[in-house]
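Note sheet for the following structure.
Values reported hereafter were calculated over all heavy atoms of this structure, with side chains retained and with hydrogens, waters and symmetry mates removed. Position 1 is the first residue of the sequence; numbering continues from there. Just so you know, these numbers come straight off a predicted model, no measurement behind them.
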Amino acid sequence: MAKVPKYVYFFGSGKAEGKAEMKNLLGGKGANLAEMVNIGLPVPPGFTITTEVCSAYYQNKQKYPKSLEKEVRTALTKVEKAMGAKFGDAKNPLLVSIRSGARASMPGMMDTILNLGLNDKTVAGLVAKTKNERFVYDSYRRFVQMYGDVVLGLKPVNKDDIDPFEEIIEAKKHAKGVKLDTELTAEDLKELVVKFKAAIKEKTGHDFPEDPLVQMWGAIGAVFSSWMNDRAIAYRKMYDIPESWGTAVNVQTMVFGNMGEDSGTGVAFTRDAATGENYFYGEYLMNAQGEDVVAGTRTPLPISKLKEQDAKLYGQLDKIRKTLEKHYRDMMDVEFTIQQGKLFMLQCRVGKRTAFAAIKIAVDMVGDKFISEKEALTRIEPDQLNQLLRPIFDVKEKDAAVKSGRLLTKGLNAGPGAATGRIVFNAVDAEAWKNRGEKVILTRIETSPEDIKGMDASEGILTARGGMTSHAALVARQMGKVCVAGCDELNIDYAKHMMTVKGKVLKEGDWMSLDGTTGQVIEGKIQTKPSEVLQVLVEKTLDAKDAPVYQTFAKVMQWADKYRTLKIRTNADQPDQAANAIAFGAEGIGLCRTEHMFFGEGKIGPMREMILADTLEQRKAALAKLLPLQRADFAGIFEAMHGKPVTIRTIDPPLHEFVPHEEKEQRALAQAMRISYEKVKERVEGLHEFNPMLGFRGCRLGIIFPEITEMQARAIFEAAADTQKKGIAVEPEVMIPLVGNVKELVHQEKIVRKVAEDVMKEKGVKFKYLVGTMIEIPRGAITADEIAAVAEFFSFGTNDLTQTTLGVSRDDAARFLIPYVEKEMYAKDPFEVLDRGGVGKLMKIAVEKGRAARPGIKLGICGEHGGEPSSIEFCHLIGLNYVSCSPFRVPIARLAAARAALLNSAGPAKKPVKKVNNKVKTSGKK
Ligand code: ADP
Ligand code: MG
Ligand code: MG
């Protein structure tokens, strides 16, 4: 018989059965509680029920494995022994918390219940034991409230409703004329318990269970069930957490922060999670229980105050901070509770942080010799760099706004950056407005895990309550959202969809601006301006030595360049774009689309003449007008690129995209061309195609109208010759699009080479150039060996290759693409993340065949996937030479390429890549 797995792991009394490495089995919280016990930190004893139980529970019609109950009983006895108290005992009751804890942290997504084990009997025992009636009833009312909500399901029904328990509390406070929970007496709290129980019975039909064991199993069941609640599902989708992982359940001895003014609870980061600065950052509340700090019901005190209040305790905590950082070699996020002057650790995990902080901490920890450069690189998600490139407010405009009295209030700078948008007061509206194309600022008294989708839809988040470690702040930082928290001057009325601030009224839909770096909340719109990195690199208006954020960025880039093997190019059609990309570190142009040039000033006219021409003579005459214009464009780009390779694609889109479709414009064109309007109309209609994506486009144009390719090649080579004569090196690469059959390429190549020779002769110079093709239709990939006999390079056009391989028109995919991803038909949007299993396989075939036919062939990618980290990793794995992406993604691509090299350190695969699927790599994630 197979051995029955162990389902329960004890921790406490200086030794734990688990450890940090066991996250898959124990969940993050359980594994780290065990680890803290093992490194000698004060942790209340308890036990962890494994994630395997969760999986078994869902596979087996929500029933537990047989041996679980006995294991739980044994572990509970061990805890009772360690504590010298008994669960359910009327005289000396042990109380526990029931805590969820998945493998990846999902802050606040699932439910926790505190003070479990209280009932009318044990309450009396606890009062006798502690002689503190107020504390006991405070704990009891919290327990009934949490249990009623989480296990028995008494929750607000509508989005504008307030919590039914809060409603009862508010009524009580109102009747007593007090403001804070702490002002309620033991007698008040006792009444609340009775009212809570009655409300539960009335609204849910359930009795509140008095038997502690029933309570415990009810709570355990609720934690497992919460794995499948809407917000947990939404969160998993957002962060790519598989459903199969399941959650663990932790049962842990309660320690009490609500025993009076010598007790308290807090949350801290070992470094500043917003800026990354190396100082102890935390918040605490005296006479409070855990949830109070995070929930934002009271705004907590900064940890520096604890130093004044109790230097010894602070010293102890600070020492733990150092121990943890050294042990985990990372910035940690901790929860602690002080019970009558004694410190207990309740949780630690690697802390979530903003991009600023992630980068700064990684770089600083290399300096501290905690981690290596390589490890630093694997700790920064490439997309996080986006945050460093994002706009900030124009200081002058903001100052003017403040001077003119538009500063509404100031809160905590919980998520740095600048955001301007229209006010909405709930998450549902935020999503709806965003879907209508509006920019919104989600404004809440406090946020809760239910709000995450709405937070994701917002430019920025503003809350009236809660600190730097409140839910809003935590989640905003992780999402990279601007967030200002704890603005207690805001008076928000959810029902009326409005708020007042210092007498000013703001309604839903009004414009507002948040400075998440300073915490300022400003009425109206404010212009934004480029980030520090852009000011140094692109605008050149800031000196690197005055730009600390830039310096950190530069270090990361320097390290990335050291370890990556992929080259990074950019997609740029104009000299200014090329210059930006070079500033960001681009090593060449991977795609210069010539068609954009035709829309430029003075060019669209001759272009249209060319398209509508009746005869070859007319067409050549129009092309002759275009030649000098295109030549000047290419010269500009060659100059900007200073000898770096430039891949230029010959004309690609269907011609109808260039001609006017409105009568008025058609008449104007007819006049300019001195032909009849009817003729223009007829020609335009003649260009109509049912499926232009698969129509008369790409190399097909150059084959039917060779004079177009001829003109373009001439423009390229004349520009190359002229630029070289100026003493600037050039490296043109002419790329023929949409080739599916080598004959197409042979045809075009002949034209290009002939022109190159002519130009060299005419200009009396020699220059190097390449002729190659895009691989963007399946036949091209499959016959890549034949094509490589002619092509000196391939560039994968993965936008079209995805469309043609999947048989999906991108422009028509909107109706089903998102549902497809939701239903997991596609793991990801294939136009965003390369479909490794299909498109990727074709690429691999093309790489192998191409290299076999022409060992020195240059291989790159120019589809939008070239700037997406997972796709870049795939390009690394199949051994491409470079990726090409938009200028602003170049830094992201540099880092992604370095991470691809480091995380797959066996090097680019010569043999078939193992495990080709479309899952995003999760390695290196927190
Ligand atoms: P989450 O995963 O949402 O943070 P937790 O399980 O960490 O939920 O618990 C919520 C709050 O309750 C935290 O502040 C935590 O410190 C506190 N808490 C949990 N268990 C205990 C306990 N045994 N004693 C005292 N406080 C607790
Ligand atoms: Mg917690
Ligand atoms: Mg294409």
Side-chain angles (χ1 to χ4, degrees), residues 236-245 382-383 566 693-694 740 774-785 787 794-810 812-814 816-852 859-881 883-885 893 896-897 899-901 903-904 906-925:
R236 286 202 290 274
K237 275 255 142 69
M238 210 177 277
Y239 292 100
D240 269 320
I241 300 171
E243 190 181 299
S244 61
W245 282 5
D383 278 320
L566 277 173
M693 192 223 11
L694 300 176
M774 274 177 100
I775 298 290
E776 54 184 337
I777 53 180
R779 197 182 190 284
I782 293 165
T783 60
D785 45 352
I787 293 174
F794 288 166
S795 176
F796 289 96
T798 49
N799 296 346
D800 277 335
L801 191 59
T802 300
Q803 298 201 89
T804 50
T805 301
L806 272 58
V808 169
S809 152
R810 184 181 192 165
D812 300 311
F816 61 88
L817 209 49
I818 292 170
Y820 250 50
V821 174
E822 273 167 6
K823 290 186 196 309
E824 297 183 12
M825 295 289 136
Y826 293 154
K828 289 271 168 186
D829 176 346
F831 294 105
E832 202 177 300
V833 179
L834 191 93
D835 161 37
R836 294 187 184 193
V839 178
K841 264 201 190 124
L842 278 175
M843 289 171 71
K844 228 162 69 64
I845 290 170
V847 167
E848 279 158 17
K849 289 188 176 244
R851 282 234 165 89
L859 301 170
I861 179 176
C862 63
E864 269 162 81
H865 300 101
E868 190 281 321
S870 154
S871 312
I872 292 171
E873 180 186 45
F874 183 76
C875 293
H876 171 86
L877 289 171
I878 62 171
L880 298 195
N881 301 101
V883 297
S884 187
C885 58
R899 284 167 52 105
L903 296 170
N904 301 281
K910 297 277 178 324
K911 348 174 211 45
V913 185
K914 260 193 263 153
K915 228 183 129 221
V916 178
N917 63 20
N918 205 14
K919 268 256 123 19
V920 182
K921 267 296 254 203
T922 49
S923 30
K925 262 202 186 147

All heavy atoms of Asn799 vs all of Phe831, minimum pair found to be O-CE2, 3.9 Å
dist Glu848:CD -> Ile878:CD1 (nearest 0.5 Å) comes out at 9.0 Å
Rounded to the nearest 0.5 Å, the CG atom of Asp812 sits from the CG atom of Leu817 at a distance of 11.5 Å
Scanning both residues in full, the closest heavy-atom pair of Val808 with Ala813 reads CG1-CB, 3.8 Å
- prompt: Would Phe796 and Leu842 satisfy side-chain contact (heavy atoms from CB on, under 4.5 Å), going step by step from the backbone distance to the final call?
  reply: CA-CA 10 Å; Phe796 289 96; Leu842 278 175; over 6 Å; no
For Arg810 and Gln803 the tightest heavy-atom approach is N-OE1, 2.6 Å
Using the side-chain contact (heavy atoms from CB on, under 4.5 Å) rule, take Asp800 and Ile777 through it: C-alpha gap first, then chi angles, then the decisive distance, then the call.
-> CA-CA 7 Å; Asp800 277 335; Ile777 53 180; 5.6 Å; no
Query - Verdict with reasoning, Ile818 to Asp829, per side-chain contact (heavy atoms from CB on, under 4.5 Å) - result: CA-CA 8 Å; Ile818 292 170; Asp829 176 346; over 6 Å; no
Is any side-chain heavy atom of Cys885 less than 4.5 Å from a side-chain heavy atom of Glu864?
no
For Ser884, the side chain to side chain donor-acceptor pair (under 3.5 Å) test, sequence neighbours excluded, returns Asn571
**OP:** I would like to know whether Asp835 and Thr802 meet side-chain contact (heavy atoms from CB on, under 4.5 Å); could you show each step before the answer?
**Re:** CA-CA 8 Å; Asp835 161 37; Thr802 300; 5.6 Å; no
Given the options Glu776, Met774, Met843, Thr798 meets side chain to side chain contact (heavy atoms under 4.5 Å, CB included) only with Met843
With sequence neighbours left out, the residues meeting salt bridge (Lys or Arg N to Asp or Glu O under 4.0 Å) with Asp383 are Arg889
Looking only at heavy atoms, the pair that brings Pro830 and Tyr826 closest together is CD-CD1, 3.6 Å
task = For Ser871 and Leu834, indicate whether the former's side chain and the latter's backbone hold a donor-acceptor pair under 3.5 Å.
result = yes
Problem - Side chain His876, main chain Asn881, donor-acceptor under 3.5 Å - result: no
Distance col, row Leu566:CG vs Leu877:CG, nearest 0.5 angstrom, shows 9.5 Å
Heavy-atom nearest pair, Val883 first then Ala893, reads CG2-CB, 4.4 Å
### Message
Looking at Glu873 and Arg836, is there a salt bridge between them, counting it only when a charged N and a carboxylate O are closer than 4.0 Å?
### Response
yes
(request) State, yes or no, whether a side-chain contact exists between Arg851 and Leu859 at a heavy-atom distance under 4.5 Å. (result) yes
Taken to the nearest 0.5 Å, the spacing of Ile775 CD1 from Phe794 CZ works out to 4.0 Å
For Ile845 and Ala781, the nearest pair of non-hydrogen atoms, with its separation, is CG2-O, 3.9 Å
Salt-bridge present (Glu868, Lys828; N to O < 4.0 Å) = no
